Amino acid sequence: MRITNRIMQRNNLSNINTNKIYQNKLSNQMSSQKKINRPSDDPVIAIRALRLRSNVTEITQYYSKNIPDAESWLKVTEDAISNLSQIITNMIARCNKGVNSYLKTEDRSIILKELKALGESVYATGDADYAGRYVFTGFRTDTSLSFLEAKEQKYTITEQLDSSAIDTVTKVDTDKLLDINANNFADAGMAVEEDDITSVEAYRIRLAYNNCVDAGDPADATLMPSIKFIDKDGNPQTWGPTDFELMHPYDKPTTGAPPTTTTYSSPYDYVAANKDALVYVPETGELLLGADRYDQLMGTKDRESTPNINEAEIQVTYTKSNWEKGDLRPEHYFYCKAEVKDAEGNTDIVEYNDSYIDPKLSAEHQIIEYDVGYNQTIRINSTADECFKHGIGREVYDIVNAMQDVLDLEGAQTDIDNIIKGLEADPASDPDGSKMEILQKQQAAVKKALELAKQKEQSLFAGGITELQKYLSDANLCVTDCGSRSSKLELIKNRSQNQKTTYETLKSENEDIDITEVAIELSAAELTYDAALMAAGKVMQNTLLNFI
């Protein structure tokens, strides 16, 4: 085959262009720092790059966003529960002081103020939020745990209890002692003697809320409570609104008709004396039970043959419309129905937690979980019913009321003592000694009432220590849970950091160039290109005409 100059020129130009293409490729790699600029450059690298980039993006989402968000949520939750734990600890410390039988009035007043302050703040920490989301309210992160201001809204609440929720309450009848003053002590209606002072115990169910006075309309049976349970024989029982008697704390109920009418000093006295009594005291949020009613409820028991049904459950349904600032919202704890008015004034019924009372459904906690790794999730929230329980405030409520009763009686005792001192200083005002005789009887009566009230107070303090210790254990358990989740999250974070580094390294090795190597190759390509130009120039200078 004859090689002509034309053929040599074409071959040289083709080879120069190939070298230029290679030089352009290396130049693009240097400027982009990437091995390929389009999938067609190297399909294997392109496919591997897509997979590695997906892995890096996913692990970056976990490590840079999900895990820090989960850490912050857990930190806010742990701090709030730690505050709750500290508040309960302070309550227990006050109860330890209060159980002292030698407390002075000044000491008692200080403890009372401190307990009131602690009781008002115990649930405030439960309204902690993270990035505008309340952390203890389950899926309802836009709803606060407690009412942030006083509100009128009717809720029909169903509490699911058992026989352990039934306890006893002591009521000291002080008759008219607290109404005695220097102007009326000698009136016929103020004749209070030691025998008039009594103390009685009654069985009760203490509801989660007090001040349910909106239910105090006897004409509206739907506002009265009801109780559903399964008796010891397995038969469903219902004590409806018509079975309850509505009474107020200072009522003096009567039974029977003349001449056998009996008057009782209080609803508690009435229930203690009537075995079939069933009384609702809306102001205190108490259902008082006669002895027979108590026996029926205590007879409930769960049966192993029906694992999906809790026969020991006692369902108490009642209404409440008056909500004060700091009251816990019932939708976070119970099955309930709320009456909500729309913009046009129409009333809608909103139902919450229907799974709680349906035995076919599982009443699960509203658990929030974050994806923090490949096929790894972690729970970040604690729900209100695990730590911020109604019983904490209710214990303090009972203790505070008992302390206030003692303080009131101490004040009455001081008033009577001062009146006696005044008579002793002015014998002419009581020539026959009749006033002094009345005062001495009243003095004996108030002394007895004070002894009974202090016994009740000390009993509540002692019981309060035990109950508050249980709530403290619950709070500490929640803190421990948060700590264990944080520790687990820290391990996942460290592993994610290592994975992130590994994937980024693999991604870089797959996509990024070795700058030194490419720089050397580019220099070599430039040298080769220059040499090719020189060689081609010499070849193209010679033609057939040069030899003619």
Side-chain angles (χ1 to χ4, degrees), residues 94-116 169-201 248-254 262-270 272 283-284 398-462:
R94 302 308 181 275
C95 288
N96 282 323
K97 287 183 179 180
V99 79
N100 185 349
S101 60
Y102 301 103
L103 281 178
K104 296 180 180 179
T105 301
E106 295 79 9
D107 299 329
R108 186 172 283 107
S109 297
I110 292 173
I111 295 174
L112 178 63
K113 290 178 181 178
E114 291 175 340
L115 278 176
K116 282 184 176 180
V169 57
T170 302
K171 178 67 175 178
V172 178
D173 178 24
T174 60
D175 203 10
K176 301 180 182 64
L177 283 176
L178 301 180
D179 299 325
I180 294 174
N181 55 52
N183 297 320
N184 65 9
F185 74 92
D187 294 347
M190 294 297 171
V192 182
E193 299 184 7
E194 187 174 355
D195 291 341
D196 297 327
I197 306 302
T198 58
S199 177
V200 67
E201 284 191 350
H248 303 291
Y250 299 102
D251 282 353
K252 296 187 179 298
T254 59
T262 302
T263 301
Y264 299 93
S265 60
S266 68
Y268 306 89
D269 188 29
Y270 169 79
E283 288 85 354
T284 60
D398 283 350
I399 294 172
V400 165
N401 285 342
M403 293 189 71
Q404 189 62 57
D405 289 343
V406 173
L407 287 172
D408 291 341
L409 285 169
E410 286 179 337
Q413 186 181 47
T414 300
D415 291 341
I416 293 174
D417 289 344
N418 289 336
I419 297 173
I420 291 176
K421 290 178 182 179
L423 285 182
E424 290 175 345
D426 184 16
S429 62
D430 184 25
D432 59 356
S434 58
K435 293 182 180 180
M436 182 62 73
E437 183 180 356
I438 293 173
L439 285 169
Q440 289 174 344
K441 291 180 178 179
Q442 293 171 343
Q443 189 180 46
V446 75
K447 181 179 179 182
K448 178 181 179 181
L450 196 52
E451 289 177 354
L452 293 173
K454 287 182 177 180
Q455 289 176 6
K456 175 184 176 180
E457 178 192 62
Q458 290 178 4
S459 175
L460 286 175
F461 272 127

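These numbers come from a predicted model, not from an experiment.
Between M436 and D430 the shortest heavy-atom distance is N-OD2, 3.0 Å. Between P253 and P267 the shortest heavy-atom distance is CD-N, 4.2 Å. Here the shortest heavy-atom pairing between E201 and A272 reads O-CB, 3.5 Å.
Q442 pairs by the side-chain hydrogen bond (donor to acceptor under 3.5 Å, both in side chains) definition with nothing, not counting sequence neighbours. For E437, the side chain to side chain contact (heavy atoms under 4.5 Å, CB included) criterion is met by K441, not counting sequence neighbours. Residues passing the side-chain hydrogen bond (donor to acceptor under 3.5 Å, both in side chains) test with S429, sequence neighbours excluded: none. Judged as a side chain to side chain contact (heavy atoms under 4.5 Å, CB included), and not counting sequence neighbours, the contacts of N401 are Y397. Listed by chain and number, the residues in a side-chain hydrogen bond (donor to acceptor under 3.5 Å, both in side chains) with T284 are E286 (sequence neighbours excluded). Residues forming a ring-ring contact (aromatic ring centres under 6.0 Å, His included) with F185 (at least two apart in sequence, or on another chain): none. Listed by chain and number, the residues in a side chain to side chain contact (heavy atoms under 4.5 Å, CB included) with T254 are T261, T263 (sequence neighbours excluded). For E106, the side chain to side chain contact (heavy atoms under 4.5 Å, CB included) criterion is met by K104, not counting sequence neighbours.
Contact annotation: the side chain of L178 approaches that of L409 to within less than 4.5 Å [non-hydrogen atoms, C-beta and beyond]. Contact annotation: the side chain of I111 approaches that of L103 to within less than 4.5 Å [non-hydrogen atoms, C-beta and beyond]. Residues M403 and F461 are in side-chain contact: their nearest non-hydrogen atoms beyond the backbone lie under 4.5 Å apart. At least one side-chain heavy atom of Q404 sits under 4.5 Å from a side-chain heavy atom of L112.
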Donor-acceptor contacts under 3.5 Å from residues 411-419 side chains, at least two apart:
| unit_1 | atom_1 | unit_2 | atom_2 | d |
| --- | --- | --- | --- | --- |
| T414 | OG1 | E410 | O | 2.9 |
| D417 | OD1 | Q443 | NE2 | 2.8 |
| N418 | ND2 | T414 | O | 3.2 |

Which atom pairs, one a donor and one an acceptor, fall under 3.5 Å between side chains of residues 421-428 and the rest of the protein, sequence neighbours left out?
none

Throw together a table of side-chain donor-acceptor distances under 3.5 angstrom for residues 186-195, partners on residues two or more places apart or in other chains.
none

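Of the possible polar contacts, none joining the N184 side chain to the I180 backbone as a donor-acceptor pair under 3.5 Å is found. In terms of modelled atom types and a separation under 3.5 Å, the side chain of D269 and the main chain of S266 share no donor-acceptor contact.
Annotation: the span from I420 atom CD1 to Q440 atom CD amounts to 6.5 Å, rounded to 0.5 Å. The CG atom of L115 lies 5.5 Å from the SG atom of C95; values are rounded to the nearest 0.5 Å. Y270 OH to T262 OG1: the interatomic distance, rounded to the nearest 0.5 Å, is 10.5 Å. Rounding to the nearest 0.5 angstrom, the gap separating the CG atom in D405 from the NZ atom in K456 is 5.5 Å. Remark: K448 NZ to S199 OG distance equals 9.0 Å, nearest 0.5 Å.
Applying the 6.0 Å contact sphere to NZ of K113 captures no more than 12 heavy atoms from other residues, nucleotides or ligands.
Considering D408, L450, I197 in turn, I197 is the only one that fulfils the side-chain contact (heavy atoms from CB on, under 4.5 Å) rule with L177.
Within the structure, the salt bridge (Lys or Arg N to Asp or Glu O under 4.0 Å) test picks out no pair touching residues 169-182 (sequence neighbours left out).
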